[in-house]
Amino acid sequence: MSRTRLSRWLIAVPMALLAVATIYPLLFTANVAMKTRREYILDRFSLTGTLHWENLTTAWNSAGMARYFLNSLIVVTCAVALLLLIGSMAGFALGQLRFRGSSALFLVCLAALFIPFQVIMVPLARIMADGGLIDTYPGLVLAYVAQFLPFTVFLMTSYYRAVPPEIIDAARIDGNTSYGVYRRIMLPIGAPALLSVGILNALFCWNDVLISLLMMPSADHRTLMVGVTSLRGQYSDDIPTFAAGVLIAAVPVLVIYLFLQRQIADGVTAGATKG
Amino acid sequence: MPGGRRAERLAPYVLVAPAVLIIVVLRLWPLLLGVNFSFTGDGARNGIAVGLDNYRELLDDPLFRTALRNVGLLVLLLPVAVAIPGLLATFIYFRVPGHRLFRGVYFFPAVLSPVIVGAIFNLLLAFDGPANAVLGGLGIGPIDWLGDPDVAIFAVVGVHVWATFGMGLVVFLAGFATLDSALVDAARVDGASLAQTIWHVIVPGLSRTIQFVFVTTMIGLLTSMFGLLYIMTSGGPEGSTYLPEYYIWIQQGQMNRPALASAASTALFLIMLVVGLLQVSLLRRAGRED
């Protein structure tokens with residue numbers, strides 16, 4: 001018994017080192033973000049003596065991070081709201097209602113799951129351009145909805161499929177139409193799944209750079225992640241301000257992670273166990 | 001109320017209509033459009049059928065050939081990218097001291113944007129950055145991580161694996177939750193070593209999970225490294241870090257060659273299809289032999 005306990009500790013040492021290696025890059029960046037340019041050039045590793053919060057305000061104000069942040073917030077909020085609405089409607093119909101063609105329609109959604117964005121981005125850009133949607137908020141929102149809808153429909157369908165049909169029958173006897181069942185029963189019952197899928201979609205959209213680059217090319221429409229890439233050229237000789245910008249972009253995700261780690265992991269693994 | 005009954009019969013279609021409409025118009029239709037597009041010309045030959053010209057040009061383009069070679073490299077590295085989270089998940093399952101903390105820490109980079117990860121590693125892997133300082137302390141000469149054409153692709157792939165192994169880890173842990181722990185305990189009581197337990201009990205017990213992680217990790221390697229490439233190397237040095245997705249972006253966004261980009265897209269789709277099917281059949285066969 002003591003032998004296995006010892007071996008457990010022996011394994012824990014490299015795992016702890018790996019944990020340090022996982023967290024160190026972030027701490028290094030946070031530390032750099034709090035230094036002056038001079039301090040950084042003289043010694044990039046030492047812990048900063050005084051915290052130079054002004055780097056954050058510089059990145060926020062003069063580098064335009066505030067604008068990028070707002071753009072991301074608008075687009076992600078709209079995209080996630082639409083994804084949840086459209087995805088839960090389809091999930092309810094495909095998971096619970098019996099109608100002709102339902103399995104064919106589910107297959108259509110499932111097939112789209114295996115088409116990466118890179119494979120369709122050229123024709124998609126053309127379709128969006130024909131619709132006058134390039135460089136507009138609705139265009140980017142629509143592109144995100146299209147990208148993450150198959151996954152959302154798939155998860156909501158498998159979630160709603162597990163709801164006992166008796167609940168729906170009872171609601172119908174009470175005089176509810178299908179729309180009433182969706183609004184009064186399925187939406188509240190689906191809340192845990194909607195939370196999980198919603199957070200995951202919010203992360204996907206917030207973290208995206210390729211779709212945003214393609215759909216929102218002009219400078220004042222940049223989302224936050226595209227903004228970070230432009231920051232690099234802009235502040236190549238002022239690394240602390242650059243690091244501050246990176247930190248600002250990482251903080252919302254860090255906060256979400258600290259509070260909702262469980263839901264994120266649930267969303268990731270739901271695809272694995274139900275697939 | 002015949003009208004009400006008709007509305008009720010139509011209700012399922014009304015509920016799925018928005019989803020199906022968006023998916024068909026903005027996902028499936030572009031796929032067909034893109035394949036069709038790849039057989040037409042660019043610029044002056046816009047819209048004119050050119051047969052396989054774009055595909056011939058792709059195979060002659062050194063940048064696309066590098067992208068293909070790098071795909072081969074990714075496929076070779078795939079088992080490593082799956083084994084790392086698998087092994088770590090096994091240790092966490094055996095409750096090494098601190099396993100809860102490890103799980104939380106390891107998973108975190110997986111939720112960060114590739115752009116943020118790439119930006120951070122730009123600082124760490126700079127020629128005069130911390131990575132080389134640590135190596136210098138060990139007496140190993142500085143490595144030009146992102147400037148040496150022979151090294152850069154490994155640096156970028158390494159960063160991708162660092163950033164995403166947490167995803168595989170969480171999926172493996174979910175798989176472990178379905179594993180019959182009595183089997184593992186029995187093997188341990190019978191005196192099986194850790195390696196024997198992994199090979200004879202855990203691998204067969206988790207074959208479905210392993211399959212899933214293989215496929216999703218491959219999709220990740222082939223389609224979610226754009227952000228890293230964009231901010232870390234821009235495909236350089238000397239085009240050595242090109243991947244098909246970056247090539248598509250350059251041809252579409254910078255070179256104004258949408259038809260050529262479509263051919264590259266179609267090629268990427270075929271590669272993923274072939275690699276995916278090969279994997280599934282290989283893993284199935286391996287599973288049957290056990």
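- The most heavy-atom pairs under 4.5 Å with chain A, out of Ala110(B), Pro12(B), Ala19(B), come from Pro12(B).
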Exercise. Could you walk me through whether Leu26(A) and Phe108(B) pass the side-chain contact (heavy atoms from CB on, under 4.5 Å) check?
Worked result: CA-CA 11 Å; Leu26(A) 303 162; Phe108(B) 176 60; 3.3 Å; yes

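- The side-chain hydrogen bond (donor to acceptor under 3.5 Å, both in side chains) analysis of residues 100-124 of chain A, with sequence neighbours excluded, yields the pairs Gln118(A)-Glu245(B).
- If you tally non-hydrogen atom pairs under 4.5 Å between each of Leu273(B), Asp128(B), Val35(B) and chain A, the highest count goes to Asp128(B).
- Taking 4.5 Å as the limit, every side-chain heavy atom of Ile120(A) sits out of range of all side-chain heavy atoms of Ser265(B).
- Interface residue Phe102(B): only side-chain heavy atoms are found under 4.5 Å from chain A.
- Side-chain contact between Ile120(B) and Phe28(A) is absent, with no heavy-atom pair separated by less than 4.5 Å.
- Residue contact with chain A, scored on non-hydrogen atoms closer than 4.5 Å, involves the backbone and the side chain of Leu88(B) alike.
- Of the possible donor and acceptor atoms, one in the side chain of Asn207(A) sits under 3.5 Å from a partner among the backbone N and O of Val111(B).
- Looking only at side-chain heavy atoms (C-beta outward), Gln147(A) and Arg27(B) come within less than 4.5 Å of each other.
- Heavy-atom pairs under 4.5 Å with chain A peak, among Val117(B), Ile116(B), Ile92(B), at Ile116(B).
- For the options Ile219(B), Thr216(B), Val14(B), Val213(B), heavy-atom pairs under 4.5 Å to chain A are most numerous at Val14(B).
- In Trp29(B), the CH2 atom is not crowded: 12 or fewer heavy atoms of neighbouring residues, nucleotides or ligands sit closer than 6.0 Å.
- Only the side chain of Trp162(B) comes within contact range of chain A, with heavy atoms under 4.5 Å apart.
- For the options Thr266(B), Leu222(B), Leu33(B), Asn122(B), heavy-atom pairs under 4.5 Å to chain A are most numerous at Asn122(B).
- By number of non-hydrogen pairs under 4.5 angstrom with chain A, the leading residue of Val20(B), Val96(B), Leu26(B) is Leu26(B).
- For Gln96(A), no part sits under 4.5 Å from any heavy atom of chain B, backbone or side chain.
- The most heavy-atom pairs under 4.5 Å with chain B, out of Val226(A), Leu97(A), Leu200(A), Leu213(A), come from Leu213(A).
- Only the backbone of Phe94(B) comes within contact range of chain A, judged by heavy atoms closer than 4.5 Å.
- Side chains of Gln252(B) and Arg126(A) form no contact here, defined as non-hydrogen atoms less than 4.5 Å apart.
- Ranked by non-hydrogen atom pairs under 4.5 Å with chain B, the options Pro25(A), Ala125(A), Pro14(A) are led by Pro25(A).
- Rounding to the nearest 0.5 Å gives a distance of 11.0 Å between CD1 of Ile115(A) and CE of Met272(B).
- Interface remark: of the candidates Ile11(A), Leu203(A), Val253(A), Ile11(A) forms the most heavy-atom pairs closer than 4.5 Å to chain B.
- The side-chain heavy atoms of Trp206(A) and Ser113(B), taken from C-beta on, include no pair separated by under 4.5 Å.
- Contact annotation for Phe242(A): only side-chain heavy atoms (C-beta onward) come within less than 4.5 Å of a heavy atom of chain B.
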